[in-house]
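Below is one structure, written out as structure tokens; the observations come after it.
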Amino acid sequence: MSSNHANLDAASIDRKARLAKLAALKRKQPEPETEDAGASEELPDADTEPEVTRTYLSGRNYDAEARGPKLGFEQGPQEGQVTLETQAAEIAKATAEQAKKDAEADQPIDLFKLQPKKPNWDLKRDLDEKLKILDVRTENAIARLVRQRIEAAQRLAKERGGASNGEGEEVGMEGETLVEGIHMREREEEKDDDETI
């Protein structure tokens with residue numbers, strides 16, 4: 001049994017030595033000496049220069065832009081592809097919006113929201129159709145009165161001196177231009193009244 005025990009000890013020592021060599025190669029360090037040489041291990045002198053690999057970071061796991069370790073892939077493997085998760089999220093969002101609309105539709109109508117801004121809007125609506133006829137008649141009456149005044153002014157001018165202005169032009173304006181001027185003045189007055197209110 002002692003021979004088996006000695007063989008196992010020797011095998012484990014050999015295995016440890018091989019693992020130490022692999023670790024040293026991986027870290028780029030000089031391989032550690034065996035246990036016999038470990039007792040006579042020398043301390044490093046202060047005047048020796050440290051290794052370059054220990055003072056500077058290798059770029060393998062360092063992200064220079066983020067100034068930290070690399071955390072993984074720059075782009076996900078499924079980026080830009082339509083996945084079931086994105087489709088499920090879109091469907092969930094659409095159903096939530098539909099449920100919200102349905103909940104709003106099930107609520108009773110709020111009568112305060114249906115009230116008009118001005119309480120006499122229905123009276124104005126009914127009277128607008130009747131007033132259209134009266135507006136036409138009013139415009140015609142105003143035009144007729146203006147024509148009568150212009151004709152009266154022209155008759156007076158003829159009676160006083162005939163052609164007192166050297167070229168013999170008629171005094172007054174045409175009826176249509178006068179009516180248009182009156183309408184423009186009325187619109188301006190309405191705008192001024194609306195702005196003050």
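Because the structure is a prediction, the values reported are computed rather than measured. In what follows, every heavy atom counts, from backbone to side chain, and hydrogens, waters and symmetry copies are set aside.
With contacts defined as side-chain heavy-atom distances shorter than 4.5 Å, the pair Lys16/Leu19 does not qualify.
Enclosure of atom CD in Gln87 by more than 12 non-hydrogen atoms of other residues, nucleotides or ligands within 6.0 angstrom is indicated. More than 12 heavy atoms of other residues, nucleotides or ligands sit less than 6.0 Å from atom CG of Leu8.
Between atom CG of residue Asn4 and atom CG of residue Asp9 there is a gap of 11.0 Å, rounded to the nearest 0.5 Å.
The hydrophobic cluster analysis finds Leu156 isolated: no Ile, Leu, Val, Met, Phe, Trp or Tyr side chain comes under 4.5 Å of it, directly or through other members. Side-chain heavy-atom separations under 4.5 angstrom define the hydrophobic clusters, and the remaining members of the one that includes Leu134 are Leu127, Leu131.
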Pairs under 3.5 angstrom only: tabulate donor-acceptor contacts from the side chains of residues 141-149 to other protein residues two or more places apart or in another chain.
none

Check: residues 89-103 side-chain donor-acceptor pairs under 3.5 Å, at least two apart:
unit_1: Thr95; atom_1: OG1; unit_2: Ile91; atom_2: O; d: 3.1
unit_1: Thr95; atom_1: OG1; unit_2: Ala92; atom_2: O; d: 2.8
unit_1: Gln98; atom_1: NE2; unit_2: Asp102; atom_2: OD1; d: 3.3

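Applying the side-chain contact (heavy atoms from CB on, under 4.5 Å) rule to Arg187 yields the partners His183, Met184; only residues at least two apart in sequence or on another chain are considered. Among residues two or more places apart in sequence or in another chain, the side-chain contact (heavy atoms from CB on, under 4.5 Å) test is passed with Arg185 by Glu189.
Val136 pairs in a side-chain contact (heavy atoms from CB on, under 4.5 Å) with only one of the listed residues (Ile133, Asn140, Thr138), which is Asn140.
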